Amino acid sequence: MNRRLDIGVRATCAAIVICGLVLALAGSGERPAARLRVMERRGRPGRYAAQFEAMSTDVLMEIAATGPEAAHRLLHAARAEIEGLASVLSAYDPQSDVSRLNTAGSALVAEPTREVIARAVEVSELTGGAFDVTYAPLRELWREAARRGSVPSEHELAEARAMVGYRKLAGDGRSVLLKGRGMRVDLGGIAKGYIIDRAVHALQDAGASSGLVDIGGDLRFFGEPAGRQKWRVQVRMPPGQKGALVLQVPACAVATSGDQARGFRVGDEWYSHIIDPRTGKPVRHAASVTVVAPDAMTADALATALSVLTPQEGMGLVDSLRDVECMILERTPGGPTRRLTSTGFAEFIEH
Ligand code: AMP
Ligand code: MG
């Protein structure tokens, strides 16, 4: 199982037994990989879960349903939503909206792409440009640096920085235009959250009253959990961090940024995959950031953005936002990681 899958959910998953139910997708000519295995949770009658891979990570969904057929119908609808959106928003699929836009500099794009870019721009405004989906030329510069084994020069950094800037994104309601030379977008810091939200809506629209959608450890709960008032989630911790942290939250989204495994090496030094668009350099101070928010797109984008902002800036921002809380694990020079929490975060921590 992918290590990015939330440990708590992994524990939940381990408690799942296959109840002998493997329902094939409608259309039996599908490849085995296309089958969706729906399992009833042990000791939790009426709670069903399914797990599969999308966007190179693990997806776990769990719902309340009246029976296995109903569960399959709901979960199948949500998986179709996830897979459809992933192919539109991915930077790796050459046919995706993002790839076509990056290649041509302008493209007619689907409504999800416009929606994610519009929200990304709002988060850019909110964070003074710390979050910026046009940061992609910097990502490429650092990938090249990793290949050649030496960090970019100040000149290279300045050149790539000049290609970045969410203010140079334009749209007319149907298409998106990159107005600057060399501009490119990468929705990696926000798309996962958007897709989680859309999957939750797909489940709700299909009639699910309660459940969760987890993509790569970022997740959103909806409705009431089985047999308790609050949802429980174990926060992913950076490597070397002792002790587990479990949150008890109402129906909301929880996202964590700081996945060490996604960073890269240049020479002897390990760098984060999150880049500060203002300096052009990978961020260093945040070992991990966890955001609790009403929706997953907000939680996902803010977790990335708060990894860029200083903890003081980040806390100030979060305290100004309604229903958003965060925890920042800050690296201190030579010392242990320092844990900072926003005003309302402490009440989520399970003791
Ligand atoms: P997450 O794991 O949600 O924090 O997302 C990290 C991803 O966000 C990276 O893999 C990049 O695709 C993207 N990213 C990195 N730096 C930034 C940035 N400053 N603004 C927006 N997206 C970023
Ligand atoms: Mg993010």
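Source: prediction; values computed, not measured. As the structure lists them, so they are numbered: ligands from 1, and atoms in each ligand from 1.
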Peer 1: Has ligand 1 got any nitrogen or oxygen that is less than 3.5 angstrom from a nitrogen or oxygen of I275?
Peer 2: yes

Peer 1: Is K281 paired with E154 through a side-chain N to carboxylate O contact shorter than 4.0 Å?
Peer 2: yes

Peer 1: Is the shortest distance from a Lys or Arg side-chain nitrogen in R148 or E156 to a carboxylate oxygen in the other one below 4.0 Å?
Peer 2: yes

Peer 1: Just let me know how A305 lines up against ligand 1, side chain, backbone, both or neither, with a heavy-atom cut-off below 4.0 Å.
Peer 2: neither

Peer 1: Mark the output for A130 as yes if a heavy-atom distance to ligand 1 is under 4.0 Å, and as no if none is.
Peer 2: yes

Peer 1: Show the nearest heavy-atom pair for residues Y92 and P94, with the distance to one decimal.
Peer 2: O-CD, 3.3 Å

Peer 1: Taking E111 first and then R114, would you say they form a salt bridge - that is, a charged N and a carboxylate O separated by under 4.0 Å?
Peer 2: no

Peer 1: Counting both backbone and side chain atoms, is some N or O of K192 under 3.5 Å from an N or O of ligand 1?
Peer 2: no

Peer 1: Does P277 reach ligand 1, in the sense of a heavy atom lying below 4.0 Å from it?
Peer 2: yes

Peer 1: Quick one: are K168 and T134 in side-chain contact, heavy atoms under 4.5 Å?
Peer 2: no

Peer 1: Would E140 and R143 pass as an ion pair if we require N to O under 4.0 Å?
Peer 2: no

Peer 1: For atom 11 (C) of ligand 1, what is the nearest protein heavy atom, given as residue, atom name and distance?
Peer 2: Y135 OH, 2.9 Å

Peer 1: Which protein heavy atom lies closest to atom 20 (N) of ligand 1, and at what distance to 0.1 Å?
Peer 2: D132 N, 2.9 Å

Peer 1: Is ligand 1 less than 4.0 angstrom away from at least one heavy atom of R262?
Peer 2: yes

Peer 1: Below the 3.5 angstrom mark, is there an N/O of S257, backbone or side chain, next to an N/O of ligand 1?
Peer 2: yes

Peer 1: Please work out, at 4.0 Å between heavy atoms, whether the side chain, the backbone, both, or neither of F131 comes within that distance of ligand 1.
Peer 2: both

Peer 1: Between D276 and ligand 1, is there a nitrogen or oxygen pair with a distance under 3.5 Å?
Peer 2: no

Peer 1: Any Lys/Arg nitrogen of E350 or K230 sitting under 4.0 Å from an Asp/Glu carboxylate oxygen of the other?
Peer 2: no

Peer 1: Can you count the protein N/O/S atoms lying under 2.8 Å from the Mg ion (ligand 2), leaving waters out?
Peer 2: 4

Peer 1: What is the closest protein heavy atom to atom 9 (C) of ligand 1, and at what distance does it sit?
Peer 2: H273 CD2, 3.5 Å

Peer 1: Check this for me: does any side-chain nitrogen of one of R236 and D218 sit under 4.0 Å from a carboxylate oxygen of the other?
Peer 2: yes

Peer 1: Is there a polar contact, in the sense of an N or O pair closer than 3.5 Å, between G189 and ligand 1?
Peer 2: yes

Peer 1: Whether R79 engages the ring of F52 as a cation-pi pair (distance to the six-membered ring centre under 6.0 angstrom, angle to the ring normal within 45°) should be assessed.
Peer 2: yes

